[in-house]
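Side chains are part of it too, since the values below use all heavy atoms of this structure and drop only hydrogens, waters and symmetry mates. One-based numbering, in listed order, for ligands and for the atoms of each.
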Amino acid sequence: MRTQTIRIAHLFPELLNLYADQGNLAVLTARARARGIEVKVVPIKLREPIDYRQVDLIMLGGGSDREQRVVSEALASYAPDLRHAIEDGFPFLAVCGGYQLLGHSYELTSGELLPGLQALDLVTKAGTSRLIGNIAIELPATLKLARSTVVGFENHIGRTEHAHQALGRVLAGHGNNGVDHAEGIFLKRVIGTYIHGPLLPKNPHLADLLLSYALAYRGDERTLEPLDDTMEWLAHDQMLARLNVARKE
Ligand code: GLN
């Protein structure tokens with residue numbers, strides 16, 4: 001079955017929208033359209049229900065601790081369906097604050113505990129300093145994409161720990177906690193990451209992976225035809241060079 005339209009639910013855009021996460025949506029839309037697939041972005045405001053039959057991919061962006069507290073208070077009603085959807089292979093992109101909220105909890109500097117969606121087995125606790133700067137990671141070897149690196153920008157005080165497959169190994173920057181060299185999480189069709197930038201403009205391989213996931217979830221296993229990504233890889237490689245990371249294929 002060939003999908004005509006990919007429907008992306010953008011969760012709580014009025015609160016979680018830090019560092020141009022909107023750019024991730026723009027990239028997904030442009031790359032799908034270049035393949036003749038329409039994209040419909042469905043903004044879901046906090047407390048509005050998600051109809052999983054009507055969407056193919058969920059995006060949850062980053063936010064300040066203050067905004068995360070507001071979101072956290074309303075998460076309980078989403079948790080059971082969302083856990084079930086993730087278990088069922090529903091594609092999901094969660095960035096920074098959104099990534100933290102997929103886990104059990106986020107403990108703020110004050111000691112206050114913000115409950116998360118408990119969809120993934122991860123915990124986050126604020127450290128004493130922010131982890132800020134450009135970042136480069138190497139994806140797991142099993143993910144055979146056009147490139148094995150992902151680049152971007154991170155800015156978080158939360159330190160995340162989990163025992164699952166990371167999205168990547170930190171080559172430069174901080175990642176989940178600045179200690180164990182793990183960055184993000186990669187589980188089923190969920191990509192969780194601290195990488196903003198926004199993430200997708202300089203990482204077209206990741207954008208296409210998410211589009212393929214959205215198609216595959218609806219039974220469309222087509223291979224996306226390659227696009228001319230000269231500019232994207234130039235930006236990607238410039239970031240690697242700035243971080244003194246050797247280019248990897
Ligand atoms: N408020 C969270 C932190 O500082 C997440 C920040 C973000 O989304 N960039 O860790």
Aromatic centroids of Phe92 and Tyr217 separated by under 6.0 Å: no
From CA spacing to verdict: salt bridge (charged side-chain N to carboxylate O under 4.0 Å, His left out), Arg33, Glu38: CA-CA 5 Å; Arg33 284 193 183 145; Glu38 204 34 61; 2.8 Å; yes
Partners meeting salt bridge (charged side-chain N to carboxylate O under 4.0 Å, His left out) with Asp220 (sequence neighbours left out): Arg222
Atoms of ligand 1, numbered as shown, that sit under 4.0 Å from any heavy atom of His156: 3 (C), 4 (O), 10 (O)
Subset of ligand 1 atoms that lie under 4.0 Å from at least one heavy atom of Cys96: 5 (C), 6 (C), 7 (C), 8 (O), 9 (N)
Whether His196 lies under 4.0 Å from ligand 1, heavy atom: yes
For Glu225, all residues meeting salt bridge (charged side-chain N to carboxylate O under 4.0 Å, His left out), sequence neighbours excluded: none
Candidates Asn176, Thr124, Asn177, Asp180 - the one meeting side chain to side chain donor-acceptor pair (under 3.5 Å) with Thr160: Thr124
Atom indices of ligand 1, in the order listed, that fall short of 4.0 Å to a heavy atom of Gly97: 5 (C), 7 (C), 8 (O)
Leu93 vs Ile58 side-chain heavy atoms within contact, under 4.5 Å: no
Heavy-atom gap Glu67 to ligand 1 smaller than 4.0 Å: no
Under 3.5 Å: N/O of Val95 near N/O of ligand 1: no
For Gly158, the ligand 1 atoms whose distance to one of its heavy atoms is below 4.0 Å: 3 (C), 10 (O)
Heavy atoms from other residues, nucleotides or ligands near NE2 of His181 exceed 12 (cutoff 6.0 Å): no
Phe186 and Tyr213 aromatic ring geometry - parallel, tilted or perpendicular at 30°/60° bounds: parallel
Which segment of Asn155 sits under 4.0 Å of ligand 1 when only heavy atoms are counted: backbone
Polar atom proximity, Gly62 to ligand 1 (N or O, under 3.5 Å): no
Check: Gly63 N/O within less than 3.5 Å of ligand 1 N/O: yes
For ligand 1, the portion of Tyr194 having any non-hydrogen atom under 4.0 Å away: neither
Region of Ser64 engaging ligand 1 - heavy atom pairs below 4.0 Å: backbone
